[in-house]
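Data first, discussion second: the structure below is written as structure tokens.
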There are 2 protein chains.
Amino acid sequence: MLKNLDKLLQDKNIRPTAMRLLALEYISSQQTAVSLSDLEAAFHRADRITLYRTLKTFEEKGLVHSIMDGTGSVKYALCEEGCECAPEDMHVHFFCNKCQETICLPKSRIPKIPLPDNFKQEEVSLVIKGTCGSCS
Amino acid sequence: MLKNLDKLLQDKNIRPTAMRLLALEYISSQQTAVSLSDLEAAFHRADRITLYRTLKTFEEKGLVHSIMDGTGSVKYALCEEGCECAPEDMHVHFFCNKCQETICLPKSRIPKIPLPDNFKQEEVSLVIKGTCGSCS
DNA sequence: TAAACAATGCAATGCAATTGCAGGCGGCTT
DNA sequence: AAGCCGCCTGCAATTGCATTGCATTGTTTA
């Protein structure tokens with residue numbers, strides 16, 4: 001299993017340090033998007049800054065994508081296979097008001113929204129808030 | 001003109017103080033959504049906290065709605081006539097990466113997104129980022 | 001092995017949001 | 001009219017998250 005993670009890192013040109021392997025293992029084991037604080041809570045012996053930079057590195061290299069769900073803290077989730085994090089690849093995120101978890105809904109693509117003249121779309125973010133399946 | 005604003009406040013059960021009238025006048029004169037810092041810059045003699053609470057009051061009473069455009073600072077824009085700030089009323093917001101302004105696109109309603117079983121939608125936020133008409 | 005570079009850890013800072021508390025002002029009651 | 005009360009305002013202080021600088025350690029490579 002760790003071998004797979006190792007390969008995942010290598011494929012994205014990220015040096016597989018112990019910390020990164022552990023962080024990646026944690027992220028991929030979660031069904032929901034994780035915040036820096038989540039990660040910090042999971043590895044209370046690790047330094048918050050290191051975890052912060054680990055997430056940043058993962059994001060830069062296209063291993064995870066960041067989600068701003070409006071809670072004030074950024075969440076991160078694994079990118080799908082072959083995800084380019086391009087606008088066409090962007091999917092919907094769901095934030096549960098009860099359990100406060102953020103979930104990727106990769107099945108639903110964001111529909112194309114007509115823009116006024118001369119407006120150019122570069123990124124798009126769609127967050128739906130409500131109650132998730134486990135909480136309702 | 002100020003009379004209209006006064007009425008707007010009264011209609012929403014907000015006591016029309018001088019500060020509130022000025023703040024509302026400023027907000028309604030802007031073509032774009034305003035942040036607390038914008039307001040602070042416009043009235044540098046007023047206290048930031050008072051302006052903060054003014055915006056909060058406006059939001060609670062349904063006079064303005066808040067937009068989290070992902071910049072880290074919350075923006076506020078006037079609600080449309082008869083807007084209930086309900087999911088059905090939510091519209092798309094556009095953030096320009098060049099001029100850093102946030103604009104309401106009330107013409108485009110957010111399409112319905114299919115959710116997994118037992119998921120209940122309460123709010124939805126759709127922010128498109130790119131280049132606005134004035135900047136392109 | 002030594003130099004070069006990357007990753008880590010600690011400290012400190014910046015920025016936005018938020019709360020507590022005290023003074024002030026107006027409205028309402030008696 | 002006097003006084004009470006509640007809302008508005010302003011100042012101080014705190015929190016929380018994101019971010020950077022710098023020194024140290026570990027790893028790669030010539």
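All values below come from the heavy atoms of this structure, side chains included, with hydrogens, waters and symmetry mates left out. Letters A, B, ... are given to chains in the order of the sequence lines, protein chains preceding strands, and every chain is numbered from 1.
By the side chain to side chain donor-acceptor pair (under 3.5 Å) test, A:Arg48 is found to be paired with A:Glu40, residues two or more places apart in sequence or in another chain being considered. When the side chain to side chain donor-acceptor pair (under 3.5 Å) test is applied to A:Asn97, the partners found at least two apart in sequence or on another chain are B:Glu122. A:Phe94 meets the ring pair (Phe, Tyr, Trp, His ring centres under 6.0 Å) test with B:Phe119; sequence neighbours excluded.
Side-chain atoms of B:Lys61 never come within 3.5 Å of backbone atoms of B:Lys56 as a donor-acceptor pair (strictly under, hydrogens ignored).
Side chains of B:Tyr76 and B:Leu39 form no contact here, defined as non-hydrogen atoms less than 4.5 Å apart.
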Identify the pairs formed between an N or O of the protein and an N or O of nucleotides 7-9 of chain C at a distance under 3.5 Å, and give each distance.
residue: C:dA7; atom: OP1; partner: A:Arg20; partner atom: NH1; Å: 2.5
residue: C:dA7; atom: OP1; partner: A:Arg20; partner atom: NH2; Å: 3.0
residue: C:dA7; atom: O5'; partner: A:Arg20; partner atom: NH2; Å: 3.3
residue: C:dT8; atom: OP1; partner: A:Thr17; partner atom: OG1; Å: 2.9
residue: C:dG9; atom: OP2; partner: A:Thr50; partner atom: OG1; Å: 3.0
residue: C:dG9; atom: N7; partner: A:Arg53; partner atom: NH2; Å: 3.4
residue: C:dG9; atom: O6; partner: A:Arg53; partner atom: NH2; Å: 2.7

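Boundaries of the chain A contact region on DNA chain D are D:dC17 to D:dG21, first to last in 5' to 3' order (nucleotide atom under 4.0 Å from a heavy atom).
Using cut-offs of 30° and 60° on the angle between ring planes, the pair A:His65 and A:His91 is perpendicular.
Members clustered with A:Val127: A:Phe95, by chain and number, using a 4.5 Å side-chain heavy-atom cutoff among hydrophobic residues.
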